[in-house]
There are 2 protein chains.
Amino acid sequence: MSSDNSETRIRILKATIELLEAPQSKGVRMSDIAKRAGISRQALYLHFSTRAELLIETTFYSDEINKSDERLIPSRTAKTGVERLEAYVEAWANYIPEIYGMGKALMAMRDTDEAAAKAWDQRMWDMKEGCEAAINALARDKTLSPLYPPAHATDLLWAMLSIRNWEQMTIECGWSQEKYVKTIKSLTKHTFVREGKTE
Amino acid sequence: MSSDNSETRIRILKATIELLEAPQSKGVRMSDIAKRAGISRQALYLHFSTRAELLIETTFYSDEINKSDERLIPSRTAKTGVERLEAYVEAWANYIPEIYGMGKALMAMRDTDEAAAKAWDQRMWDMKEGCEAAINALARDKTLSPLYPPAHATDLLWAMLSIRNWEQMTIECGWSQEKYVKTIKSLTKHTFVREGKTE
DNA sequence: CCTTTTGCTTGACACTATGTCAATTGACAT
DNA sequence: ATGTCAATTGACATAGTGTCAAGCAAAAGG
């Protein structure tokens, strides 16, 4: 399965990432990936049984390369709830650009491929747990805004941090990544941290 | 063009809306639409040259039925900036469920169909003008939060009101439409209206 | 009443992309 | 030499969009 680390398999995964990360990446086809990996289209199926599986495995491989778990350490070790929220938002915000291409490809398959949809949902669900932990840390410190109960705040934070919002602000509105990070940090702080407790 | 109001054309448009609005609507095909309209698949092409064109025309037809312009009157006639923002957010929030199906179908074609993407972008751009007007009304009244310059606030409001956020909160998080409206109204007010000027 | 036009039907086909299969090749190991 | 493994090639199935030509039936118009 995903423990098969043959030469070619890695080459395919790398080729997939490169194509998905290309800015103009519209509908990456199996034949495109094969060409880039330097093998025949059919040979892809010797390693991945469907396009969806290939994309899913690619997300795992990308996590491995990016050491994505390490990014969350500052958030988990934060002392106060406010620090935790800030660290989490920053870590996630800077992670998005690296998984955006794959996310888009997987989301585009939602309608046609159940497995792809599930795989992506799973990741987003994991991310939501991070949101929940940050909100709970605020609640524990009694610094959570009284406007929203924790579960509600979690949903809202999750939505604010969605990849699609990142896409809209950076790609459609032309914001720089810095501007995005700065704004989303400010917005989440002002929305979820009780007034007067911001610092 | 869109002024051809033949019997069959209308039947096709209605069939398309019905299929797109169905909750389980996964990838509506030309043959599905034809069947529902009671004509042959090929006959669709006598009225609409491509699937993208059909979907685009369907959005126009849907606007006509929903009298979507009228929805914005309360927002345009609001006296204060705060009222205008509130009226606009409410009008748009309640409009989303009616165009969600078509939006999803058009967005799914982004990668493969340039025309579909453009048509949808145009609508979203129009909607952004409403955001801009609301923010400008706040700025004029000096009730805009000093945290964001107007252009910046416009982008942010636009993102907050995006259909994808609505989708995430209602469909994925299970919020009721009421809860969504209430929350988004509260969020936008607290974000964009200068503190102390909320009422 | 006959002819033309209009709107639709039917069947066939091109194209693109995914996925499958069988036969084959070339390298490397025993 | 023989077998095994990874990949190749060409052919084919399937799904969906879009095109084309031939035909048909009913309305329109002389």
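Computed from a predicted structure; not experimentally measured. Proteins come first, then strands; the chains are lettered A, B, ... in the order of their sequence lines, and each starts at number 1.
- For the pair B/Leu44 CG and C/dC8 C1', the computed distance is 12 Å after rounding to whole Å.
- Evaluation of atom-type donor-acceptor distances gives no pair under 3.5 Å for the side chain of B/Glu7 against the base of C/dG7.
- B/Leu46 places its CG atom 11 Å from the P atom of D/dT19, with the value rounded to the nearest Å.
- The side-chain heavy atoms of A/Trp120 and A/Ile163, taken from C-beta on, include a pair separated by under 4.5 Å.
- Taking atom NZ on A/Lys35 and atom P on D/dA7, their separation rounds to 19 Å, with Å as the unit.
- One interatomic measurement links the two molecules: CG of A/Leu19 to P of C/dA17, which rounds to 14 Å at whole-angstrom precision.
- Between B/Met109 atom CE and D/dG16 atom C1' the separation is 12 Å, expressed in whole Å.
- The distance between atom CZ of A/Arg51 and atom P of C/dA17, rounded to the nearest whole Å, is 11 Å.
- Listed nucleotides: D/dA7, C/dC8, C/dT18. Nearest to the side chain of A/Ala43: D/dA7.
- Shown here, C/dT4 forms a base pair with D/dA27; the pair counts as Watson-Crick or G-U wobble because both key distances fall under 3.5 Å.
- Atom CD1 in A/Ile33 sits roughly 12 Å away from atom C1' in C/dA17 (whole-Å rounding).
- For the atom pair CG (B/Leu157) and CG (B/Leu187), the distance works out to 9.5 Å, reported to the nearest 0.5 Å.
- Contact of B/Arg41 with D/dG18 (side chain to base): a donor-acceptor pair of N or O atoms is detected under 3.5 Å.
- In this structure, of D/dA7, C/dT20, D/dG16, it is D/dA7 that holds the atom nearest to the side chain of A/Thr8.
- Of the candidate nucleotides D/dT9, D/dT17, C/dT9, D/dT9 has the atom lying nearest to any side-chain atom of A/Ser40.
- Note: B/Arg84 CZ to B/Thr77 OG1 = 8.5 Å, rounded to the nearest 0.5 Å.
- Without hydrogens or angle criteria, B/Thr191 side chain to B/Thr188 main chain gives no donor-acceptor distance under 3.5 Å.
- An OP1 or OP2 oxygen of D/dA6 is reached within less than 4.0 angstrom by no side-chain nitrogen or oxygen of A/His47.
- When the C1' atom of D/dT14 is taken as reference, atom OH of A/Tyr45 falls 13 Å away, rounded to whole Å.
- At a cut-off of 3.5 angstrom, counting only N and O atoms as typed in the model, there is no donor on one side facing an acceptor on the other between the side-chain of B/Gln42 and the base of D/dG18.
- We find the CE-CZ distance between A/Met30 and A/Arg51 to be 7.5 Å, quoted to the nearest 0.5 Å.
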